[in-house]
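Some notes on the structure that comes next.
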Amino acid sequence: MDEPVAMEVFVRNIPYTADEIQVTRALATVLHGPSFKSFMGGAPFNFIVRLIKGKAARQRKHSGCAIVLVPSQVIGSRLILVATETEVSLQGRRLHFAVAKGQNPAREDVAVLAEPYQDPAELEEEQNRRAELAAVGITVTSVSFGWPCNKNVVSLELELGRGAITSWSFTFATDPIRVKLRSTENLYIWIHLRAIQSIALDENICMMWLERPPVFEQGASGTEAALEAILSGIFEPHRERIQAPTSASRGLAGLLSVLCITFRNRTSKAEFQRRARMVGLTTLQSAHKVERRGLFSPDVMKLYDEWITTLPFEVAFQVEGLVTRHHFSPRELVGIHQEINLAIKKYGVPTTASCIQYLEYTREEDEEASIIQLFLQLIENRNQYRGRWSLKDIRSNRELFECHHVTITPTSVILNGPFPDESNRVIRKYIDHQQCFLRVQFREEDRLQLRLDRGVDTNKILDERFSDILRKGITVAGRKFEFLGYSSSALKEHAVWFMTKFIVDGKVITPDLIRESLGDFKKVRNCPARYGARIAQAFSATEDGTLEVPDEIIYENDKKSPTGSLYTDGVGRLSKEMAEEIWEHYTERKPERLRRRSQTPSAFQIRLGGAKGMLCVDPRLEGRVVTIRGSMNKFQSDDRQIEISRAFDRPTPMYLNRPLVMLLETLNVGLEPFMDLQRVAVQETRSAATSIESAARLLEKYGLGTAYKMTSVLLQLQKLKVDLHSQESDHVVPFLKRMLSFAVNHILRDMKYRARIPVPDAWTLVGVSDEWGYLNEGEVFGRFVAIISRLSI
């Protein structure tokens with residue numbers, strides 16, 4: 001559909017005492033009245049009023065004329081017609097409307113029309129509020145970062161610019177509203193309001209407990225800074241994103257969760273309190289003692305690093321995870337190194353690692369207890385804290401493995417896990433060394449995807465932080481890990497695989513050795529994007545449907561149309577006997593009741609060495625036969641195992657997405673069908689979290705929690721009469737409510753940003769080729785099979 005063209009309408013006879021707010025309000029009563037209800041979906045649409053300053057009206061606010069920009073020519077024409085039939089007046093004077101000459105609205109103004117309408121007085125009030133928040137008036141003498149300790153003590157570990165040499169200005173920046181600290185050396189510290197857990201004031205000192213590290217930026221200095229000061233009214237100051245406030249504090253700034261600010265005087269403190277109330281921040285009066293305990297001193301870090309390298313990786317990962325997640329300092333953990341070493345010898349690595357992992361939960365329950373008391377208590381009750389998945393369980397279940405996760409942000413490195421995750425070809429090959437692989441994600445400080453801010457140069461972070469780690473590797477828990485590869489889907493989430501060297505049968509396994517063993521990439525090595533995509537095939541998550549097929553692979557040419565188009569792009573064939581053998585191997589670990597209800601699918605999405613694509617059952621093939629077409633083969637590989645990415649054994653619900661919606665709009669499909677589907681989906685999603693059963697079906701419908709079998713877990717809880725509305729004090733119901741809240745938010749976010757909207761009674765069909773030449777041009781053959789009696793197909 002064509003976009004509506006904005007229109008400029010000329011208005012005259014405006015009272016000279018009226019301003020833009022009064023004119024806008026007068027026109028809003030008309031443009032948002034009954035005569036315009038049929039436009040823009042019935043919602044109040046935006047419009048812009050620009051008063052004209054005439055040459056002969058120097059002593060007046062304006063010339064009595066204005067240009068009104070409306071979203072479409074139809075609305076503009078209707079406004080002119082309505083104004084001729086019905087009087088539109090302001091301060092007793094009738095306004096006159098006509099088509100403006102030289103229709104040429106500014107692109108910026110046209111973009112504003114797409115925004116929701118706001119009352120101009122309220123908008124002006126908000127602008128004044130934002131200007132007040134951003135005004136100078138709060139002076140800070142020192143900024144420090146510290147670590148929270150017991151008994152209301154904060155240990156300062158990083159102090160910035162203290163004394164007469166450096167001073168700081170404190171304001172609340174707008175759009176979005178966040179704390180802005182700027183030093184005289186043009187060092188910027190930004191803190192989003194959501195990152196502030198609590199604020200405590202004591203005399204002229206302010207303590208902020210942060211949920212995540214701030215954002216650090218460096219502005220220009222010297223002559224460049226003086227030039228920017230002159231041009232500050234024209235251009236925004238150039239800033240550069242940096243890892244830490246100083247080069248010496250890299251790695252430390254991201255570990256400290258308390259910001260300590262010292263105001264110059266009580267006036268600055270009072271002004272801070274007033275502005276904090278304006279943005280909804282609560283400030284509490286509390287006496288906190290400030291000390292300098294050296295929890296991260298060079299001597300402590302040297303002992304910590306030396307000790308970490310002597311620990312088994314599973315234990316060292318948990319120890320370092322406690323530090324990166326802000327629960328225990330290196331000094332505290334070094335203090336119990338003897339107890340941890342003894343536990344490893346006495347109770348083994350898995351038990352010790354589980355007890356260390358649970359230290360953070362016991363600290364939350366008893367913040368005043370010492371770390372040695374908490375650890376000894378966990379060891380004493382060690383049988384309660386064994387992980388859900390033991391190493392033996394994981395190694396016997398080739399579908400899952402214990403995946404250690406590392407999140408890298410511009411400022412910090414956060415360790416989490418291990419969590420059960422789907423395996424791939426490489427992991428299954430080295431399943432006995434699964435602890436040597438890391439899943440690494442590159443994220444913002446708020447754990448969302450990296451984003452660019454206007455006026456901020458991020459090249460330094462990309463080159464010196466992220467690119468440096470990808471090229472040179474990263475040290476985690478005393479081990480050096482290097483980049484290995486990625487899957488195409490994980491790369492969209494900025495997630496990749498790292499590994500550390502290990503030995504198998506006397507041979508050192510390195511990232512280069514693994515990549516070379518995947519296949520022959522000589523033809524694509526000079527094209528980095530294609531080379532990466534080919535390697536990514538081996539890292540795609542596949543279930544344990546691997547089956548050795550040494551001699552039954554037949555390579556055949558693709559079928560082409562008279563014009564040269566491929567009929568069989570990415571589609572091969574397999575015999576019925578081979579399909580049944582693959583399906584039996586694929587489902588051998590499934591529960592017996594599920595195996596009885598399932599039937600062998602007629603199509604599989606597979607990986608086979610260097611080939612990828614679909615395999616469709618061809619009854620004409622006899623024996624154990626697989627045929628691979630040229631379009632499926634991406635590179636040469638000696639691997640002869642069929643990996644199942646997906647088996648199409650059940651109907652796949654249909655979901656809209658942004659490209660599909662755009663395609664349908666070009667075919668003149670109106671807005672209402674999409675809006676109706678979205679309204680129904682939003683209502684069903686919000687109402688589904690009111691009971692255990694409906695919540696289980698919601699997770700199943702959107703494929704959430706499948707790795708943890710959450711649908712089955714919820715249905716079992718329903719049989720145990722667990723009620724989401726129960727008022728009992730146990731932790732199960734609050735946990736379930738929080739989990740379902742996250743699930744609902746995830747689903748609604750996908751609807752909003754990806755237009756992933758379910759379509760009732762519709763299914764996504766798998767496309768395969770017509771091997772028999774049965775279909776004519778423009779025909780599609782669809783096959784539906786009811787696998788559950790309650791489904792009506």
Side-chain angles (χ1 to χ4, degrees), residues 132-149 152-173 177-193 195-210 213-222 225-226 229 232 237 239 242 244-249 252-253 255-279 281-296 411:
E132 186 178 356
L133 288 171
V136 296
I138 304 175
T139 308
V140 174
T141 58
S142 69
V143 174
S144 306
F145 290 89
W147 184 275
C149 305
N152 288 339
V153 174
V154 173
S155 175
L156 298 185
E157 302 292 329
L158 176 61
E159 300 181 64
L160 306 176
R162 189 177 182 87
I165 299 177
T166 302
S167 63
W168 298 75
S169 64
F170 183 109
T171 57
F172 285 96
I177 297 179
R178 49 185 176 161
V179 170
K180 173 186 175 183
L181 282 160
R182 180 181 181 182
S183 74
T184 49
E185 283 80 21
N186 275 347
L187 172 64
Y188 292 80
I189 301 176
W190 304 87
I191 305 170
H192 200 286
L193 298 190
I196 301 175
Q197 293 179 325
S198 61
I199 300 177
L201 294 173
D202 180 21
E203 295 182 354
N204 288 342
I205 297 178
C206 171
M207 299 281 190
M208 289 187 185
W209 277 258
L210 306 179
V215 171
F216 299 102
E217 296 171 359
Q218 181 64 59
S221 58
S232 59
R239 304 189 303 276
I242 56 178
T246 64
S247 58
S249 63
L252 176 59
L255 298 174
L256 305 176
S257 58
V258 180
L259 174 64
C260 179
I261 300 171
T262 303
F263 298 110
R264 183 175 296 279
N265 48 45
R266 293 186 177 181
T267 303
S268 292
K269 174 189 172 183
E271 181 64 16
F272 163 74
Q273 288 180 287
R274 187 182 71 83
R275 296 190 192 183
R277 286 193 294 270
M278 290 175 62
V279 297
L281 289 176
T282 302
T283 58
L284 304 175
Q285 293 293 332
S286 177
H288 279 77
K289 189 177 180 180
V290 175
E291 298 180 358
R292 292 170 177 81
R293 296 186 175 183
L295 304 178
F296 294 82
T411 302

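Positions are given from 1, in the same order as the sequence printed here.
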### Spacing of Glu217 atom CD and Arg182 atom CZ [to the nearest 0.5 Å]
11.0 Å
### Summary
Pro213 meets the side chain to side chain contact (heavy atoms under 4.5 Å, CB included) criterion, sequence neighbours left out, with Thr411, Ser412, Glu445
### Query
With Ser183, which residues qualify under side-chain hydrogen bond (donor to acceptor under 3.5 Å, both in side chains), at least two apart?
none
### Task
Supply the atom-to-atom distance Phe170 CZ to Ile189 CD1, rounded to the nearest 0.5 angstrom.
10.5 Å
### Task
With side-chain contact (heavy atoms from CB on, under 4.5 Å) as the test, would you mind laying out the steps for Leu160 and Phe145 before giving the verdict?
CA-CA 8 Å; Leu160 306 176; Phe145 290 89; 3.9 Å; yes
### Query
What distance do Ser257 atom OG and Trp209 atom CH2 have between them, rounded to the nearest 0.5 Å?
9.5 Å
### Message
When you compare the side chain of Leu193 with that of Phe172, does any pair of heavy atoms fall below 4.5 Å?
### Response
yes
### Query
CG of Leu255 to CG of Leu295: how many Å apart, nearest 0.5 Å?
11.5 Å
### Query
Applying side chain to side chain donor-acceptor pair (under 3.5 Å), which residue pairs with at least one partner in residues 263-273 are found, sequence neighbours left out?
Asn265-Ser268, Glu271-Arg274, Glu271-Arg275
### Message
Is any side-chain heavy atom of Val215 closer than 4.5 Å to one of Ile191?
### Response
no
#### Entry: Residues forming a salt bridge (Lys or Arg N to Asp or Glu O under 4.0 Å) with Glu203, sequence neighbours excluded
none
### Task
Using salt bridge (Lys or Arg N to Asp or Glu O under 4.0 Å) as the criterion, list what pairs up with Arg293, not counting sequence neighbours.
Glu291
### Message
Evaluate Gln197 against Met208 for side-chain contact (heavy atoms from CB on, under 4.5 Å), listing each step before the verdict.
### Response
CA-CA 7 Å; Gln197 293 179 325; Met208 289 187 185; over 6 Å; no
### Message
Set out, in order, the CA-CA distance, both residues' side-chain angles and the distance that settles side-chain contact (heavy atoms from CB on, under 4.5 Å) for His288 and Asp202, then state yes or no.
### Response
CA-CA 7 Å; His288 279 77; Asp202 180 21; 5.7 Å; no
### Task
Would you please name every residue forming a side-chain hydrogen bond (donor to acceptor under 3.5 Å, both in side chains) with His192, sequence neighbours left out?
none
#### Entry: side chain to side chain contact (heavy atoms under 4.5 Å, CB included) partners of Ala173, counting only residues at least two apart
Arg178, Lys180, Trp190
### Query
Looking at residues at least two apart in the chain, or sitting in another chain, which of them share a side-chain hydrogen bond (donor to acceptor under 3.5 Å, both in side chains) with Thr246?
Ser249
### Message
Counting C-beta onward and ignoring hydrogens, is there a side-chain heavy-atom pair between Leu284 and Leu201 closer than 4.5 Å?
### Response
no
#### Entry: Backbone of Tyr188 reached by a side-chain donor or acceptor of Gln218 within 3.5 Å
no
#### Entry: Any residue meeting side chain to side chain contact (heavy atoms under 4.5 Å, CB included) with Ile205, in chain and number order, not counting sequence neighbours
Met207, Cys260, Thr262
### Query
Looking at side-chain heavy atoms only, is the closest gap between Leu210 and Val258 below 4.5 Å?
no
### For the student: nearest non-hydrogen atoms of Val154 and Gly146, plus distance
CG1-CA, 4.2 Å
### Query
Is there side-chain contact between Leu158 and Phe296, with at least one heavy-atom pair below 4.5 Å?
no
### Message
Please report the interatomic distance CD1(Ile261) to CG(Asn204), rounded to the nearest 0.5 Å.
### Response
12.5 Å
### Query
So which heavy atom on Thr171 is nearest to which on Leu133, and how close?
CB-O, 4.0 Å
### Query
Any side-chain heavy atom of Val290 within less than 4.5 Å of one from Val153?
no
### Trace of the side-chain contact (heavy atoms from CB on, under 4.5 Å) decision for Ile199 with Leu281
CA-CA 8 Å; Ile199 300 177; Leu281 289 176; 4.0 Å; yes
### Task
Say whether, by atom type as modelled, one donor and one acceptor occur between the side chain of Glu157 and the main chain of Ala253 under 3.5 angstrom.
no
### Message
Please enumerate all residues that pass ring pair (Phe, Tyr, Trp, His ring centres under 6.0 Å) together with Phe263, with sequence neighbours excluded.
### Response
Phe272
### Separation of Ser144 OG from Leu259 CG (nearest 0.5 Å)
8.5 Å
